[in-house]
Amino acid sequence: MPQKQKIQLLGYSGLLPFIILPLLMLLNEGNSKNIFEWFFVYSLLIYIFLTGSFWALSILSKKEPTYPILLFFLPLLSTAIFSSILNQEDSLILALLASFFVAYLYEKNVFDHEVYYQQMRLILSTVVMISHIWILIIN
């Protein structure tokens with residue numbers, strides 16, 4: 001399998017929990033606490049992986065690696081801000097939503113990826129952000 005297809009297969013398959021978990025949460029109206037926790041943990045792990053990738057790309061392309069490190073901490077800082085006005089669960093999801101949005105803008109403006117990869121990242125980021133909005137609405 002060519003590298004491009006492997007990248008696309010792994011990228012798009014990573015969306016499955018972002019689609020399935022909100023659906024399960026919607027179907028299990030009274031018993032969605034565990035599903036919410038799985039969604040949050042998965043989302044946070046993907047975000048951590050993403051910012052780690054940015055850090056490695058920054059080093060390889062001889063760009064400033066401080067920004068990916070700051071992006072790594074963005075959900076923590078955002079949660080602290082949002083928790084003053086929202087409940088804990090909404091704060092966590094909104095912080096991740098904002099962080100994924102900022103990370104997408106950062107990647108789009110800093111790294112020069114091939115066109116197929118840029119298109120894939122746009123689709124991935126859009127689905128991930130929509131799933132976070134969906135969780136906010138369901139929750």
Side-chain angles (χ1 to χ4, degrees):
M1 179 182 293
Q3 184 178 9
K4 176 183 172 182
Q5 288 178 333
K6 286 179 188 175
I7 291 168
Q8 290 175 319
L9 177 65
L10 289 172
Y12 289 120
S13 64
L15 285 179
L16 290 175
F18 286 112
I19 295 167
I20 293 170
L21 291 172
L23 280 173
L24 288 175
M25 205 169 156
L26 186 63
L27 296 173
N28 293 321
E29 289 180 21
N31 193 17
S32 60
K33 180 84 170 149
N34 289 339
I35 299 169
F36 175 86
E37 290 170 357
W38 278 101
F39 180 87
F40 171 73
V41 169
Y42 182 74
S43 181
L44 186 59
L45 289 173
I46 292 298
Y47 185 78
I48 290 167
F49 172 79
L50 187 62
T51 57
S53 298
F54 293 166
W55 187 48
L57 280 171
S58 294
I59 292 169
L60 288 173
S61 59
K62 301 190 185 326
K63 296 185 188 297
E64 176 59 50
T66 304
Y67 298 113
I69 294 167
L70 293 173
L71 282 174
F72 175 83
F73 290 104
L74 187 59
L76 178 64
L77 299 172
S78 300
T79 300
I81 293 167
F82 293 134
S83 65
S84 65
I85 55 174
L86 299 169
N87 68 42
Q88 180 184 5
E89 289 180 349
D90 288 349
S91 297
L92 294 171
I93 296 300
L94 194 55
L96 281 168
L97 170 62
S99 297
F100 274 110
F101 180 71
V102 171
Y104 173 74
L105 293 178
Y106 170 79
E107 181 181 21
K108 183 178 184 277
N109 290 311
V110 172
F111 301 111
D112 187 29
H113 296 301
E114 293 184 40
V115 173
Y116 85 91
Y117 188 80
Q118 291 173 4
Q119 291 170 341
M120 182 184 77
R121 288 291 299 126
L122 174 61
I123 293 167
L124 294 175
S125 295
T126 301
V127 171
V128 167
M129 288 184 272
I130 288 170
S131 73
H132 284 75
I133 292 168
W134 194 8
I135 290 290
L136 284 171
I137 292 169
I138 294 170
N139 200 29

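We count residues from 1, following the sequence as given.
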Check your understanding: So, T51 side chain and Y47 main chain: donor-acceptor pair closer than 3.5 Å or not?
Key -> yes
Quick check: does any side chain N or O of N139 sit under 3.5 Å from a backbone N or O of I135, one acting as donor and the other as acceptor?
-> no
Validation row: [X], [Y] side chains within 4.5 angstrom (heavy atoms):
| X | Y | result |
| --- | --- | --- |
| L122 | Y104 | yes |
| Y12 | I123 | yes |
| N28 | I35 | yes |
| M25 | W134 | no |

At their closest point, which heavy atom of [X] faces which heavy atom of [Y], and how far apart are they?
| X | Y | value |
| --- | --- | --- |
| K6 | M1 | CE-O, 3.2 Å |
| Y116 | K4 | CE1-CG, 3.4 Å |
| I93 | H132 | CG2-O, 3.4 Å |
| H113 | Q118 | O-NE2, 2.8 Å |
| F39 | P17 | CD1-O, 4.4 Å |
| I138 | P22 | CD1-O, 3.5 Å |

* Go through the steps to decide whether E107 and Y117 satisfy the test side-chain contact (heavy atoms from CB on, under 4.5 Å), and finish with yes or no. => CA-CA 11 Å; E107 181 181 21; Y117 188 80; 3.5 Å; yes
Look up atom [atom1] in [X] and atom [atom2] in [Y], then write down how far apart they are to the nearest 0.5 Å.
| X | Y | atom1 | atom2 | answer |
| --- | --- | --- | --- | --- |
| N87 | F82 | CG | CZ | 13.0 Å |
| S58 | W55 | OG | CH2 | 10.0 Å |
| I85 | S91 | CD1 | OG | 7.5 Å |
| Y67 | L74 | OH | CG | 14.5 Å |
| L44 | L96 | CG | CG | 5.5 Å |

According to a 4.5 Å side-chain heavy-atom criterion applied to Ile, Leu, Val, Met, Phe, Trp and Tyr, with indirect links allowed, do [X] and [Y] form part of one hydrophobic cluster?
| X | Y | answer |
| --- | --- | --- |
| L97 | L77 | no |
| L10 | Y42 | no |
| I130 | L16 | no |
| L92 | L45 | yes |
| I20 | M129 | yes |

Tested for side-chain contact (heavy atoms from CB on, under 4.5 Å) against Y106, the lone hit among L71, L70, L50 is L71
Next item on the list: Take K108 and R121 through the test side-chain contact (heavy atoms from CB on, under 4.5 Å) and record every step on the way to the result.
Entry: CA-CA 9 Å; K108 183 178 184 277; R121 288 291 299 126; over 6 Å; no
Notebook entry, point to check: Given L24 and W38, is the side-chain contact (heavy atoms from CB on, under 4.5 Å) satisfied, shown in steps?
Noted result: CA-CA 11 Å; L24 288 175; W38 278 101; over 6 Å; no
Are the aromatic rings of F54 and F72 close, with centres under 6.0 Å apart?
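No, too far apart.
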_If you count every heavy atom of other residues, nucleotides or ligands that lies below 6.0 Å from E64 atom CD, does the total exceed 12?_
yes
ask   = So F101 and S125, side-chain contact (heavy atoms from CB on, under 4.5 Å) or not? Walk me through it.
value = CA-CA 7 Å; F101 180 71; S125 295; over 6 Å; no
